[in-house]
Amino acid sequence: GFLLRIKELFVPFIGRHGWNEALYASIIDDCFVFHRQFPSLVQYIRPDFNLGILFYISMFLSVYFLGNSEWIYRLPSLLASLINVLLFYLIGKRIFKRKCLLSLTLALLYAILPITVYYGARAQAEELMNLPYLVTIFFLTKYILVNRAKYIYVSSFALGVSCFLVKQT
């Protein structure tokens with residue numbers, strides 16, 4: 001999964017669907033890096049600011065700690081995509097009663113799915129939105145098997161976090 005995504009990580013913003021990534025990067029630069037506009041006002045000026053604040057915070061943190069580069073903006077999506085592959089494997093391992101071949105097949109299918117490869121290497125919210133949903137399913141299956149309340153609480157918390165990664169389309 002990583003090898004399929006890494007070659008797409010260095011494609012410039014000006015390219016396929018690059019206007020979207022450039023818009024998200026400019027929101028990070030304007031609001032968080034250069035402090036030019038207050039983020040709550042930006043949602044009326046730039047309609048794509050309403051993707052959910054966690055998407056922009058994750059991009060800001062990667063830019064803040066690692067520098068300002070096109071691939072740095074894409075790093076949160078790449079990491080979320082790779083974690084999603086791992087979560088699919090772990091969920092499959094629970095559902096298929098520890099049959100590793102089926103779990104690996106499930107993870108492999110997700111890892112090579114063209115749309116997840118594409119969005120896993122782009123500065124867009126799709127792969128980040130899948131992450132809390134998969135965490136929810138992971139802990140929900142754990143709750144079903146073990147029947148301990150802490151797993152349903154973590155599952156509910158992850159589902160609540162997903163509300164901050166909302167995309168309207």
Linking I/L/V/M/F/W/Y whenever their side-chain heavy atoms sit closer than 4.5 Å, directly or via other members, would L78 and F65 fall into one cluster? yes
Hydrophobic cluster membership, L104 vs I95, 4.5 Å side-chain cutoff: yes
Distance (rounded to the nearest 0.5 Å) between F55 CZ and E126 CD: 8.0 Å
Pairwise distance CG(L134) to CG(L140) - rounded to 0.5 angstrom: 12.5 Å
Does F96, at its CZ atom, have more than 12 non-hydrogen atoms belonging to other residues, nucleotides or ligands within less than 6.0 Å? yes
Pairs under 3.5 angstrom only: tabulate donor-acceptor contacts from the side chains of residues 81-94 to other protein residues two or more places apart or in another chain.
residue: S81; atom: OG; partner: R5; partner atom: NE; Å: 2.5
residue: S81; atom: OG; partner: R5; partner atom: NH2; Å: 3.2
residue: S81; atom: OG; partner: E127; partner atom: OE1; Å: 3.4
residue: N84; atom: ND2; partner: A80; partner atom: O; Å: 3.3
residue: N84; atom: ND2; partner: Y110; partner atom: OH; Å: 3.4
residue: N84; atom: ND2; partner: E127; partner atom: O; Å: 3.2
residue: N84; atom: ND2; partner: E127; partner atom: OE1; Å: 3.1
residue: R94; atom: NH1; partner: F138; partner atom: O; Å: 3.0

Counting distance only, does the side-chain N/O of S155 pair as donor-acceptor with the main-chain N or O of Y151 below 3.5 Å? no
Are the side chain of S162 and the backbone of L159 linked by a donor-acceptor contact shorter than 3.5 Å? yes
Using the rule that Ile, Leu, Val, Met, Phe, Trp and Tyr join whenever any side-chain heavy atoms are under 4.5 Å apart, tell me whether Y153 and F139 fall into a single cluster. yes
Do L109 and I137 land in one hydrophobic cluster if side-chain heavy atoms of ILVMFWY residues count as linked below 4.5 Å? no
Is M59 reachable from L128 through a run of hydrophobic residues whose side-chain heavy atoms are each under 4.5 Å from the next? yes
Separation between CG (L54) and OG (S58), nearest 0.5 Å, reads 7.5 Å
Working to the nearest 0.5 Å, report the span between OH of Y143 and NZ of K150. 13.5 Å
Minimum heavy-atom distance A123-S77, with the two atoms named: CA-OG, 4.2 Å
Residues in side chain to side chain contact (heavy atoms under 4.5 Å, CB included) with L66, at least two apart? I72, L75
Between CG on residue N68 and OG on residue S62, distance to nearest 0.5 Å: 9.5 Å
